[in-house]
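The structure appears below as structure tokens.
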Amino acid sequence: MSQKLFILLCFTVLSINYSASCQELNMETIENLFSPALSGEFFNSPSGYLGSQYYFEEWLYGSVTLLSGEKAINIRLRYNGLLDELIWMKTPSFQQVKLDKNLIKEFSLDKPNGEILTFKRLSVVLPPFNQKTEIFAQALYESQISLFAFRRISIIGRVIRKMETGNFEFIEIEPGYLYFITSKDAKSFYLSKISKRNISRLFPEFKDEINRSYKNSRGKTEEERFILVVKLLNDIVGIEPIQSTN
Amino acid sequence: MKNTFVFPFIILFVIASILNDHKNIAVATEKLNSESIFISTDRNLYIAGEYLYFKFQRITSSQTNINSGFGYIVLRSETNQIIEKITLKLNEDIAFGSIYIPDTLQTGIYQLIGFTSWMKNFSVHPSNSKEILIANRFDEELNYLLTSKPLASENPDLNDSLIIQPEENSLPKHKSLIRISSNDSVFSTRSKIEVDLQLIDLLNKYELSISVARKNALTGFENSVIDFGNISVGSDFSDNLNLNTISFLPEKKDLIVSGKVINSISGEGIKDIIVLLTTPDTILNLQYSKTLNNGNFHFNLSPYYYSREVYFSIHPDYLNPDLKIQLFDKFDFIEPFRPVEFKSIPELKAYIKESQNIIKVQKAYKINYNLTQPIREQIAFPPLLFSNPALKILLSDYFPLDDFTEISRELIIPLRIRQNKDEIDLRLVNQASKTFFNKPPIVFLDGIVLRDFEQIMPLGSEELNKIEIHNLPWVYGELEFPGIIGVYTTKRNYSKADKDDHISFFAEKPINPSTYFSNITKHSQPNFHINEPDFRQLLYWNPSILLSADNKNMRIEFYSSDIKGDFIIKIDAISSQGSRISESKIIKVK
């Protein structure tokens, strides 16, 4: 019995030792040495809000492309629409980091259903002050005429809630998306509410085509119908869509 | 019972470890052949002051997954002195360019070595090098040529050795794989010469270089088919190699700088040490690397650092003064250069003397056939530590203050400085929590990491230009900083930053191609002045021509110069199977 046990132990030791020392070197091992350094500030989500501050409440895996061209992949991310900031969950400490927005070119979020949402840093004029601002906007369709959605979370009011320890004021928030239509000649328009009428006002010369597109896309969401209209407008001018970098 | 098991168990573990280490070293050595370099040049003999044109071609096995995107070429002397070193950006495994041969070189045999970062893990095989003869322009005695030595061909390792073998009929004959023909065999001076290349071996593709130069400058090669089978058929490099058995990594997209952190007393490599890399600039840039089990570290150098002096330092959190950084020098060769021996011929001395005079005339008249390729500079984005500091102070905006303590007291509200006899303690107030950080911030002086804060204390408004304070709990990759301070001097005297804690090196910018030989002569120009001398000894050089079944014929055109005599059209080619061939044809200019 003891001899058998000894042989078994010997075999186990040799196997462990062999596998431990033979961590193979391949391009993946080398590339893993050089993951880009994301920079930002330790972050705690602001409290006192009623409603979610995030476009997706759950942490999603995704990638971040820096202005340097480096790309950090397979990291946990969350987009805070209230602050318009990208939050990274640093591993293995699981601390949250608000990434330095000005160093990010774009990022993507991989939804569990396989859909990849691409956000790009855009310089746009935002209401109500009409000042040029850098925002993260989701690329819904990219071509000569592109469509982006600014997934902002807006404050709609303040409420006082009675709690066990007293009355507390909360800030009510809810999604207030803005849609930007940009063209290659640097013109951009935004829409806070998408409807057939609003889109037709933007492109009066294509009113008939827009109407037709709306007719053919019954059952789809307003956003999906808007994407189809933008695609149609690009088809009219004969431009192929730009391949996403993600 | 307990001892009976434990003791053999330990012995077995130790034996297994040793066996595995030996196996890894053995495997690493066997990988010598997984990547190889073929160097061809426009000539084999040069006069100091001339340009040498080279082609660098990387050859690999189809099975390997090494994808080196960069190569290195070195010119070294018989005394192993590095004369020139160039970092090359490979374009589909090929790079070409030129080397100016310094006037001060002594007459002798020199070696061109081609290698990649990955190949530096193994010894330099002679097939990756080429030897050339360089004669000093002012060496009238040429005593070097008088020493009679055995022929290079006696050394089986040297495939392209310099053999001074001028006899036309002594060249060995073999079946031509690429046929060279010209519109005539005898040409007058300043006449147009047309050369046709025809691929005979239609089963392979050939990447070739072609040169047309004076016979004596091109002697030393043989018409030969040399099978590089052993070089190109290497197995996959990943088998059992690991990061602890190699010092240099293959460079695919960017240059990689490697080194080691050692304990200067024991000499042992220390693991898990953070090494920082910065360059002096007006913005805070940073790359970092963590040492592996053997103490080695590797940086994937951002293109921003190309053509800059970069500084390496150990993260200030590590207080052990015995930790030292060693950089691995890719241009450091363990193998000494053992030059090929050659037998001189009587007319060689006369040829060199004539060439010396030609070069002197060309120098006097500033005649230059070397053209520089305009390089389109791409601005690389720096690896910034942060985009905008929380607080920026321009000293010129304020009344002058005597030293850094006074500046901090008057202008930098979030900074607290405490000076004891032995040390200076800096602390920033966390902008988010409004409390002091429990550790000192990281401080940069003109972009260089500072370990000793003493050095910034005497600096006042006259010496300082700008101070950046970033008092946020900052994350940079795996690193965490309790605030960041950037101090910038007016005279950028960062060299004063404690030099003992830093090691620096100049990051050469990879080039391809930077320079090339002008094959267009003035003879073809309508306004060419007939009295202008044309003493070109190299009539044509094209480093990259591809012949295949689809493109099996090619015609090249060039003009003869005022020099009369025999010229050789020489082709060096590598087939898609990894075989190397040389072909040649002699033409006369009368």
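Lettering follows sequence order; numbering is per chain, from 1. What you see below is based on every heavy atom in this structure, not just the backbone, and it leaves out hydrogens, waters and symmetry mates.
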Exercise. Quick one: does B/Asn300's side chain get under 4.5 Å of A/Ile30's, heavy atoms only?
Worked result: no
Problem set entry | Residue part contacting chain A, namely of B/Leu286, when any heavy atom lies under 4.5 Å | neither
Problem set entry | Pairwise distance CG(A/Leu99) to OG(B/Ser387) - rounded to 0.5 angstrom | 11.0 Å
Problem set entry | Neighbour count above 12 (heavy atom, 6.0 Å) for A/Lys111 NZ | yes
Exercise. Between A/Ser35, A/Ser68, A/Pro36, which shows the greatest number of heavy-atom pairs under 4.5 Å with chain B?
Worked result: A/Ser68
For this session: Decide if atom NZ of B/Lys271 counts as having more than 12 heavy atoms of other residues, nucleotides or ligands within a radius under 6.0 Å.
Result: no
Exercise. Should we say atom CD of A/Glu58 is surrounded by more than 12 heavy atoms from elsewhere, each under 6.0 Å from it?
Worked result: no
Problem set entry | Electrostatic pair A/Lys90:B/Glu480 at N-O distance under 4.0 angstrom | yes
Exercise. Taking every heavy-atom pair that is under 4.5 Å apart, which of A/Gly69, A/Ser93, A/Ala37 has the most such pairs with chain B?
Worked result: A/Ala37
For this session: Determine whether more than 12 heavy atoms belonging to other residues, nucleotides or ligands lie under 6.0 Å from atom OH of A/Tyr61.
Result: no
For this session: Flag the pair A/Ser39 / B/Tyr476 as yes when at least one side-chain heavy-atom distance between them is below 4.5 Å, and no otherwise.
Result: yes
Exercise. So do A/Asp100 and B/Asn388 actually touch side chain to side chain, heavy atoms under 4.5 Å?
Worked result: no
Exercise. Are the side chains of B/Phe386 and A/Glu41 in touch, meaning some heavy atoms are under 4.5 Å apart?
Worked result: no
Problem set entry | Segment of B/Leu384 engaging chain A (4.5 angstrom heavy-atom cut-off) | both
Problem set entry | Contact class of B/Pro473 relative to chain A, heavy atoms under 4.5 angstrom | both
Seminar exercise, completed: Between B/Gly477 and A/Trp88 the two heavy atoms that sit nearest each other are O-CH2, 3.8 Å
For this session: Evaluate whether atom CG of A/Asn44 has more than 12 neighbouring non-hydrogen atoms of other residues, nucleotides or ligands under 6.0 angstrom away.
Result: no
Problem set entry | Close side-chain approach of B/Leu249 to A/Phe34, heavy-atom, < 4.5 Å | yes
For this session: Can you tell which part of A/Leu33 gets under 4.5 Å to a heavy atom of chain B, answering side chain, backbone, both or neither?
Result: side chain
Exercise. Is it the case that more than 12 heavy atoms not belonging to B/Glu92 sit under 6.0 Å from its CD atom?
Worked result: no
Exercise. Which atoms of B/Tyr288 come close to chain A, meaning under 4.5 Å heavy atom to heavy atom: side chain ones, backbone ones, both, or neither?
Worked result: side chain
For this session: Please check if atom CD1 in A/Ile73 has more than 12 non-hydrogen atoms from other residues, nucleotides or ligands closer than 6.0 Å.
Result: no
Exercise. So do the side chains of A/Leu66 and B/Phe381 get within less than 4.5 Å of each other, counting heavy atoms only?
Worked result: no
